Protein chains: 2
Amino acid sequence: MTDINEQVRRPGAKTASIADAMDDDARNQPEADPALLDLVELLFFAYRDFTREPDKILEEIGFGRAHHRVLHFVNRHSGLRVADLLDILKITKQSLGRVLKQLVDEGYIVQEAGKTDRRERLLYTTARGQELADRLALPQLRRIAHALDASGAESQSCIGKFLSEMVCEADRAQVSQLLKAGAGARGRSGEPA
Amino acid sequence: MTDINEQVRRPGAKTASIADAMDDDARNQPEADPALLDLVELLFFAYRDFTREPDKILEEIGFGRAHHRVLHFVNRHSGLRVADLLDILKITKQSLGRVLKQLVDEGYIVQEAGKTDRRERLLYTTARGQELADRLALPQLRRIAHALDASGAESQSCIGKFLSEMVCEADRAQVSQLLKAGAGARGRSGEPA
DNA sequence: TCATTTATGTCAGTCATGTTGACTTATTTT
DNA sequence: AAAATAAGTCAACATGACTGACATAAATGA
């Protein structure tokens, strides 16, 4: 890596308080705190590297990150409907359709008509799909485990809270419900909303 | 948003210890801990929403997320070389070239030959570029300030540590150096590595 | 000095993944 | 029976990645 080696121009660098210690003016101008800009960059770097290892694996098998996302959510939240997936990924039906079709055609995902509403297509990973999902998740889980370890055991709850609160107000409840449902309702027979 | 409403199948949900309390086997199989998978998903949702507001602004002016990334790093780390940017973004010269050219052509960024090495093109934002960078950063800073606030004031250092440790080992030193250099060395005359 | 390396820029083509709009089919709801 | 909903599909298009090849200017080194 190239060494960037820049000069420092930053003033004092607040580290402790945020909104608590901000007056109304500062609250409207969060850009005043350079520590927040550090977090903007760290989030970029963290996510960049979070996706690099799976991306490499995906490339070998002719898939992309879009396939990973679909496979992950179907695997973890088994029995998900297509509409749920669209809402999670915030992409269009057509975009999803392309990658989903490939995943189905190549035997990673199966579709099943809903029991109560047979228009719905409930999505499940096959054994093959679960294997790939696990293989893709492994480097990400290792990375997260390392980062939690390095930032202290007590950090986990605060990281989770922080990331949850980074989610749009409008979607936060849905996301937390999805997480509560957790490792998927494989074989669920529950009511599809 | 559609209500997903799934059934729970998850067992106990570890929350406290991570690697400290893991035996060697568990350390090699971090996928065993469902709380880590929650963080995988939260990171996806957080990043998804972190980029949504700027993306909307960008769309109005015919730019994309790639322009934002370039503009951000040039603005914050003024005097950056093209090679630095390639290394930060991990994209090819050709990919960068296209968006950089647009940013220069439309007066957001200026290039200046390096003083000690005149092959280098040092990049700076214009007033117009700074305005746009600030406008794009604002919703992201607001979101981060909110999330820090909601996860407790003492959380900031642990979030920063966590995100730093999410970065690839190989790049971690460079990233932390970049952050130390902080809000850019505008008008720097220092040695370009 | 001359050859090589480095930093940058650019042309041409390709691919993955997102977009809109329009339309079909099956099924449920009213 | 009509309308709404869930899903799938066709076509056309934009963005932002990629590779490979090549050009130019400037620095470096034998």
Side-chain angles (χ1 to χ4, degrees), chain A residues 1-4 48 51-52 54-71 74 79-105 109-123 191-193, chain B residues 2-4 48 51-52 54-56 58-71 74 79-105 109-123 191-193:
Chain A
M1 282 191 94
T2 327
D3 195 347
I4 291 181
R48 180 196 68 176
T51 55
R52 274 164 83 181
D55 281 355
K56 194 163 287 178
I57 297 171
L58 289 158
E59 200 186 347
E60 291 166 14
I61 56 179
F63 283 164
R65 201 181 296 176
H67 300 85
H68 186 187
R69 290 195 283 246
V70 171
L71 188 62
V74 171
L80 214 60
R81 295 172 307 153
V82 169
D84 297 329
L85 215 34
L86 291 178
D87 203 40
I88 286 170
L89 301 177
K90 308 283 184 205
I91 57 173
T92 58
K93 197 175 28 163
Q94 295 87 334
S95 288
L96 175 59
R98 200 178 325 120
V99 299
L100 184 54
K101 192 174 190 309
Q102 284 179 275
L103 287 165
V104 170
D105 287 350
I109 286 179
V110 289
Q111 293 165 301
E112 207 175 278
K115 279 167 189 158
T116 65
D117 185 339
R118 288 178 38 235
R119 287 172 304 180
E120 295 174 346
R121 293 284 176 274
L122 307 188
L123 305 171
E191 60 295 310
Chain B
T2 327
D3 196 345
I4 292 182
R48 179 196 70 176
T51 55
R52 274 164 83 183
D55 281 354
K56 193 163 286 177
L58 289 158
E59 199 186 347
E60 291 166 14
I61 55 178
F63 283 164
R65 199 180 297 175
H67 300 85
H68 186 186
R69 290 195 285 246
V70 171
L71 189 61
V74 171
L80 216 59
R81 295 172 306 153
V82 169
D84 298 329
L85 215 35
L86 292 178
D87 202 40
I88 286 171
L89 302 175
K90 307 282 183 206
I91 58 174
T92 59
K93 198 173 31 164
Q94 295 87 336
S95 290
L96 174 59
R98 199 178 333 113
V99 299
L100 183 54
K101 191 174 190 311
Q102 283 181 276
L103 287 165
V104 169
D105 287 350
I109 286 179
V110 288
Q111 293 166 301
E112 207 175 279
K115 279 168 191 159
T116 64
D117 185 339
R118 290 179 37 236
R119 288 173 305 181
E120 294 174 347
R121 292 284 174 274
L122 307 188
L123 304 172
E191 61 294 312

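Small disclaimer: the values here were computed from a predicted structure and weren't measured. Protein chains get the first letters and strands the later ones, always in sequence-line order, with residue 1 at the start of each.
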Asks: Excluding sequence neighbours, so at least two apart, what forms salt bridge (charged side-chain N to carboxylate O under 4.0 Å, His left out) with Lys93(A)?
Replies: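 Partners of Lys93(A) by the salt bridge (charged side-chain N to carboxylate O under 4.0 Å, His left out) criterion come out as none, since no residue qualifies.
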Asks: Tell whether Arg119(B) reaches the base of dT8(C) with its side chain through a donor-acceptor pair below 3.5 angstrom.
Replies: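 Not at all, since no donor on one side and acceptor on the other fall under 3.5 Å apart.
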Asks: Let me know the distance between CG of Leu96(B) and P of dA17(D), rounded to the nearest Å.
Replies: 9 Å
Asks: To the nearest angstrom, how far is Leu86(B) atom CG from dT19(D) atom C1'?
Replies: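 That distance rounds to 15 Å.
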Asks: What is the distance, to the nearest angstrom, from the CG atom on Leu100(A) to the P atom on dT17(C)?
Replies: 13 Å
Asks: Contact class for Gln111(B) vs. all strands (heavy atom < 4.0 Å): base, sugar-phosphate, or nothing?
Replies: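 Sugar-phosphate: the residue Gln111(B), judged by heavy atoms under 4.0 Å, touches backbone atoms but no base.
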Asks: When you check the phosphate oxygens OP1 and OP2 of dG18(C), does a side-chain N or O of Thr92(A) lie under 4.0 Å from one of them?
Replies: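 No, no such contact exists.
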Asks: Send over the distance from Glu112(A) CD to dA6(D) P, rounded to a whole Å.
Replies: 19 Å
Asks: How close or far is atom P of dT8(C) from atom CD1 of Ile109(B), stated in whole angstroms?
Replies: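 That distance rounds to 14 Å.
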Asks: Whole angstroms only, please: what is the NZ-P distance between Lys93(B) and dA23(D)?
Replies: 13 Å
Asks: Could you state the atom-to-atom distance from CD of Gln94(A) to C1' of dG8(D) in whole Å?
Replies: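 It is 9 Å, rounded to the nearest whole Å.
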Asks: Report yes if at least one side-chain N or O of Arg98(B) is closer than 4.0 Å to OP1 or OP2 of dA12(C); otherwise report no.
Replies: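 For dA12(C), OP1/OP2 do not have a side-chain N/O of Arg98(B) under 4.0 Å.
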Asks: For His67(A) and Leu103(A), which heavy atoms make the closest approach, and how far apart are they?
Replies: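 Smallest heavy-atom distance, with atoms named: O-CD1, 3.8 Å.
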Asks: Is there a side-chain contact between Leu86(A) and Thr92(A) in this structure, where contact means two heavy atoms from C-beta onward sitting under 4.5 Å apart?
Replies: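 SC-SC contact between Leu86(A) and Thr92(A) ruled out.
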Asks: Does dG16(D) have OP1 or OP2 sitting under 4.0 Å from an N or O in the side chain of Ser95(B)?
Replies: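 So the side-chain polar atoms of Ser95(B) never come under 4.0 Å of the phosphate oxygens OP1 or OP2 of dG16(D).
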Asks: Nearest nucleotide by nearest heavy atom, which residue falls closer to the 5' end of DNA chain C, Leu123(B) or Arg69(A)?
Replies: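 Whichever sits nearer the 5' end wins; that is Leu123(B).
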Asks: Is the number of heavy atoms from other residues, nucleotides or ligands under 6.0 Å of Gln94(B) CD greater than 12?
Replies: yes
Asks: After noting the C-alpha distance and the side-chain angles of Leu100(A) and Val82(A), does the key distance pass the side-chain contact (heavy atoms from CB on, under 4.5 Å) rule?
Replies: CA-CA 9 Å; Leu100(A) 184 54; Val82(A) 169; 4.2 Å; yes
Asks: In whole angstroms, how far is the P atom of dT20(C) from the NZ atom of Lys90(A)?
Replies: 14 Å
Asks: Looking at DNA chain D, which of residues 60-68 of chain B put a heavy atom within less than 4.0 Å of it?
Replies: Gly64(B), Arg65(B), Ala66(B), His67(B)
Asks: Could you check Leu58(B), Val99(B), Thr51(B) and say which one makes a side-chain contact (heavy atoms from CB on, under 4.5 Å) with His68(B)?
Replies: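 Only one option passes, and that is Leu58(B).
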Asks: With the threshold set at 4.0 Å, does a side-chain nitrogen-carboxylate oxygen contact exist between Arg52(A) and Asp55(A)?
Replies: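 So Arg52(A) does not pair with Asp55(A) through a salt bridge.
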Asks: Give a yes/no on whether any side-chain N or O of Arg118(A) is located under 4.0 angstrom from OP1 or OP2 of dT27(C).
Replies: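 Indeed, a polar side-chain atom of Arg118(A) lies that close.
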Asks: In terms of side-chain heavy atoms of Val82(B), which of dT8(C), dT27(C), dA27(D) is nearest?
Replies: dT8(C)
